[in-house]
Novice: 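Input: one structure, supplied below.
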2 protein chains.
Amino acid sequence: MTTLAEVARKAGVTGATVSNVLRGRGKVGNETRERVLAAVRELNYRPNLTARALAEGKPQTVALVVSSIANPFYPEFALAVEQAVRKLGYFLVVCNTNDDPAQERAYLDAIVGSLAHGVLVMNADFVQIEELVALRQRGVPVVLCMWEKPDTPPPLPSVAVDFFRAGMVAAEHLIKLGHRRIGAVLGSELSGNHIWRYRGFCEAMSRAGIDLLENGTVCGHDTIDAGRNAGHALLAAVPDLTAIFASNDLPALGVLQAAADLGLDVPGDLSVIGITDIQLAHQVRPALTTVAVPIQESAELAVEMIMQMMREKGPEGSSAPAMLREASVPRLVVRASTARPGKG
Amino acid sequence: MTTLAEVARKAGVTGATVSNVLRGRGKVGNETRERVLAAVRELNYRPNLTARALAEGKPQTVALVVSSIANPFYPEFALAVEQAVRKLGYFLVVCNTNDDPAQERAYLDAIVGSLAHGVLVMNADFVQIEELVALRQRGVPVVLCMWEKPDTPPPLPSVAVDFFRAGMVAAEHLIKLGHRRIGAVLGSELSGNHIWRYRGFCEAMSRAGIDLLENGTVCGHDTIDAGRNAGHALLAAVPDLTAIFASNDLPALGVLQAAADLGLDVPGDLSVIGITDIQLAHQVRPALTTVAVPIQESAELAVEMIMQMMREKGPEGSSAPAMLREASVPRLVVRASTARPGKG
DNA sequence: CTGAAAGCGCTAACAC
DNA sequence: GTGTTAGCGCTTTCAG
């Protein structure tokens, strides 16, 4: 491996000068610069990032902690994050905890051990928040990427997405279409991560003067399979439903499948709406009507925040960045899974 | 940040000793060890990976180069890779080139600059192979993860998957079901990446004495959308098709959509089969019959190879590992998208 | 068994 | 403008 020193020798200068021309710092004579550049080219020199990181005291990497790489939402977000950090010269290290606290702990330890300069956390709920707070106290910049609890201030810098609003928008769409008997499928416990989406749904319903259905809400997980099960359960419990609100696209897709299993026509017999607008939403048939969440924007905001924190000094950052930045509001994307009721 | 030295001071020993107890090297007195461990715990010490990497001359990371994180196959493979490398104490750095040679170059430069100790490349065709070969010559371990060209020996260590066989298996399934008028949708150019899958398909057809249809093959990209377009084109050109072979699951899913668009019942009017068995395949309705490729196994083989290479010395590794290791054969997974013809 | 010392390759003051 | 000089935090011979 060619080193700085070899380049320096070949160019007849000292290491400091090479470093200077490479990083554009300090003043370097024009002809010297040329000589150095030539040597670099000739020797095919590439600076050793590890050494640089050690010398600078910080690695050029940002970590993205995700609980499950299996959720298709993950790559879309990761891609956005990767591009944002790359634009700033950083690299992305993926930390897939697989919902395993031990695995998560291992990653966080590595991060403290300067695996990464900053950490982005995707699904704060599946993660040991206290561990993250401890990490932050040790001086590691941390930001939560999708805070969805408007009632509680996040324990760490976060980007918030208004999922309450998303829930409302979804419900309003259904209501405007004329639906009254609307069921709900949640991708989390009732008290879990999706609670505000559901509250938004309920709010819209009550504003419209529509009562929630008895047994009209089924909770599950944030997966297609769970959504399918929930869909079946819901449809069995309340057969005359005309629409189903799902708290996320994955379960919504599952509901679509349940409808197919039962021979129900969507949207003729049943309308279905989700939240997020993952790619799959438009790739499935019927294409899913959903409330699009600003994925890319959230990723960019999160990266912006982490960069700012990384630029700053100690644990608590003297000129601390706003602890909460809000991404723009979710917006309705009408596709083929919703229609006026009774068309079937 | 607590350092080795601080721990050493606190334990009343020297750095070397701390290092020894931490890594289990050398002999350390039992009581000394205890003292050191106590200090470590007390100070919450975590070794600095950057410094360690510098001192050891190699980072604890492996890079995975992918051309497009958008392909849903990516996360499944990445997950398998991530878990395999983690098990060995390495970290995964994701390098998403986005099909941009400049971006790819930037990553490879960084890797030479010891971003990673070894590189796994997923989609060799979308990548500048020569660059990878150059990388290898500079001493960086590189392995190609899914070599699918049985006729050309790979230019680099690779794990091969028998896609020719996969194509045959798919076709044979259709044929055994009684189909004769079978179209093909390719997720690449005819001469492109999926050629061997297609050749396998053709081979099975000819062995069964079935002629390929005139205009019965449409080429496109490896995406759902392209598959849908191809499906429409194919169905328009050869309306009396009873089955379609797709060279990959994504295009197969697109064909499913095209069928839905046209009001065709699958599998009543049309059978569809894909290759790979990505998760989506069973999440879609009708669930896709496909030929499962050993994703996890390939990932593990690839990781095994890269680890072996990393253990060895120079560019060409004295006791070079087999340059080609083959993953087990693809196997048929029958689901709901195929049936005997003429049931519609 | 434990300590001392010499780097790994690069950066960052500060001299010249 | 360019060279000198210290490290960054850890590993690793090699003495003692």
Side-chain angles (χ1 to χ4, degrees), chain A residues 1-37 39-40 43-61 89 109-117 138-139, chain B residues 1-37 39-40 43-61 89 109-117 138-139:
Chain A
M1 214 194 131
T2 357
T3 71
L4 223 212
E6 305 183 54
V7 175
R9 181 149 20 85
K10 174 143 210 139
V13 296
T14 179
T17 304
V18 176
S19 179
N20 279 337
V21 357
L22 255 30
R23 335 198 59 221
R25 317 284 214 92
K27 263 85 198 71
V28 181
N30 235 319
E31 106 185 280
T32 320
R33 160 183 283 91
E34 284 314 320
R35 232 172 335 122
V36 170
L37 258 18
V40 166
L43 295 167
N44 226 298
Y45 168 74
R46 297 287 177 281
N48 182 319
L49 302 183
T50 306
R52 178 176 288 176
L54 216 215
E56 286 182 333
K58 39 193 66 170
Q60 292 287 315
T61 52
D109 276 352
I111 289 168
V112 172
S114 85
L115 200 220
H117 189 173
R138 296 182 114 212
Chain B
M1 216 194 126
T2 21
T3 73
L4 224 212
E6 305 183 55
V7 175
R9 182 151 17 87
K10 175 142 208 139
V13 296
T14 180
T17 303
V18 176
S19 179
N20 279 337
V21 358
L22 255 32
R23 334 199 63 222
R25 316 286 213 89
K27 266 84 197 68
V28 181
N30 234 319
E31 106 183 281
T32 322
R33 160 184 281 87
E34 283 314 321
R35 234 175 330 125
V36 170
L37 257 20
V40 165
L43 295 168
N44 227 296
Y45 168 73
R46 297 286 177 281
N48 181 320
L49 302 182
T50 306
R52 177 175 290 177
L54 214 214
E56 287 181 333
K58 38 191 70 167
Q60 293 286 315
T61 51
D109 277 353
I111 289 167
V112 173
S114 86
L115 200 219
H117 190 174
R138 297 181 112 216

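Side chains included, hydrogens not; waters and symmetry mates left out as well; all remaining heavy atoms used. Every chain is numbered from 1 and lettered A, B, ... according to where its sequence line falls, protein lines coming before strand lines.
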Novice: Side chains of B/V13 and B/V18: does their closest heavy-atom pair fall under 4.5 Å?
Specialist: yes
Novice: Using side-chain heavy atoms (C-beta onward) and a distance below 4.5 Å, is A/L37 in contact with A/V21?
Specialist: yes
Novice: Kindly say whether A/L115 contributes a backbone atom to a donor-acceptor pair with the side chain of A/T61 at under 3.5 angstrom?
Specialist: yes
Novice: Quick one: A/R25 CZ to C/dC14 P, roughly how many Å, whole number?
Specialist: 15 Å
Novice: Kindly compute the distance separating CE (A/M1) from CZ (B/R138), expressed to the nearest 0.5 Å.
Specialist: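 That separation rounds to 8.0 Å.
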Novice: Among the nucleotides C/dT11, D/dT2, C/dC1, which one has an atom lying closest to any side-chain atom of A/S19?
Specialist: C/dT11
Novice: Provide, to the nearest angstrom, the distance between the CD atom belonging to B/Q60 and the P atom belonging to D/dT11.
Specialist: 10 Å
Novice: Between C/dC10, D/dG3, D/dT12, which nucleotide has the shortest distance from any of its atoms to the side chain of A/Y45?
Specialist: C/dC10
Novice: Report the C-alpha distance between B/R52 and B/R23 in whole Å, list the side-chain angles of each, state the deciding distance to 0.1 Å, and finish with yes or no for side-chain contact (heavy atoms from CB on, under 4.5 Å).
Specialist: CA-CA 11 Å; B/R52 177 175 290 177; B/R23 334 199 63 222; 4.0 Å; yes
Novice: Is the side chain of A/R46 donor-acceptor paired with the backbone N or O of B/G113 at a distance under 3.5 Å, no angle test?
Specialist: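 Side chain of A/R46 to backbone of B/G113, a donor-acceptor pair under 3.5 Å: no, none is there.
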Novice: Looking only at atom types and distance, does a side-chain atom of B/T50 sit under 3.5 Å from a main-chain N or O of A/S114, one as donor and one as acceptor?
Specialist: yes
Novice: At less than 4.0 Å, is any side-chain N or O atom of A/T32 found next to OP1 or OP2 of D/dG1? Yes or no.
Specialist: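 For D/dG1, neither OP1 nor OP2 has a side-chain N or O of A/T32 closer than 4.0 Å.
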Novice: With a 4.0 Å cut-off on heavy atoms, is A/T50 in touch with a base, just the backbone sugar-phosphate, or nothing at all?
Specialist: nothing
Novice: Quick one: is B/R23 getting a side-chain N or O under 4.0 Å of the D/dT12 phosphate, OP1 or OP2?
Specialist: yes
Novice: Take the protein atom CG of A/L22 and the nucleotide atom P of C/dT11, then report the distance between them rounded to whole Å.
Specialist: 8 Å
Novice: To the nearest Å, give me how far apart NZ (B/K27) and P (D/dT12) are.
Specialist: 15 Å
Novice: What stems involve DNA chain D, if each pair must be Watson-Crick or G-U and both of its distances must be under 3.5 Å, with 3 or more such pairs in a row?
Specialist: C:1-16 with D:1-16
Novice: With a 4.5 Å heavy-atom cut-off, do B/E6 and B/T3 have their side chains touching?
Specialist: yes
Novice: What integer distance in Å separates B/L43:CG from D/dG9:P?
Specialist: 14 Å
Novice: To the nearest Å, give me how far apart CG (B/L4) and P (D/dT12) are.
Specialist: 12 Å
Novice: Please list each protein N or O that sits under 3.5 Å from an N or O in nucleotides 5-8 of chain C, with the distance.
Specialist:
unit_1, atom_1, unit_2, atom_2, d
C/dC8, O2, B/A55, N, 3.2

Novice: Between C1' on C/dA13 and CG on A/N20, what's the gap in Å once rounded to a whole number?
Specialist: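 After rounding, the reported distance stands at 11 Å.
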Novice: What is the separation between atom CD on A/E6 and atom P on C/dC10, rounded to the nearest whole Å?
Specialist: 9 Å
Novice: To the nearest 0.5 Å, how far apart are CG in A/L4 and CG in A/L43?
Specialist: 11.5 Å
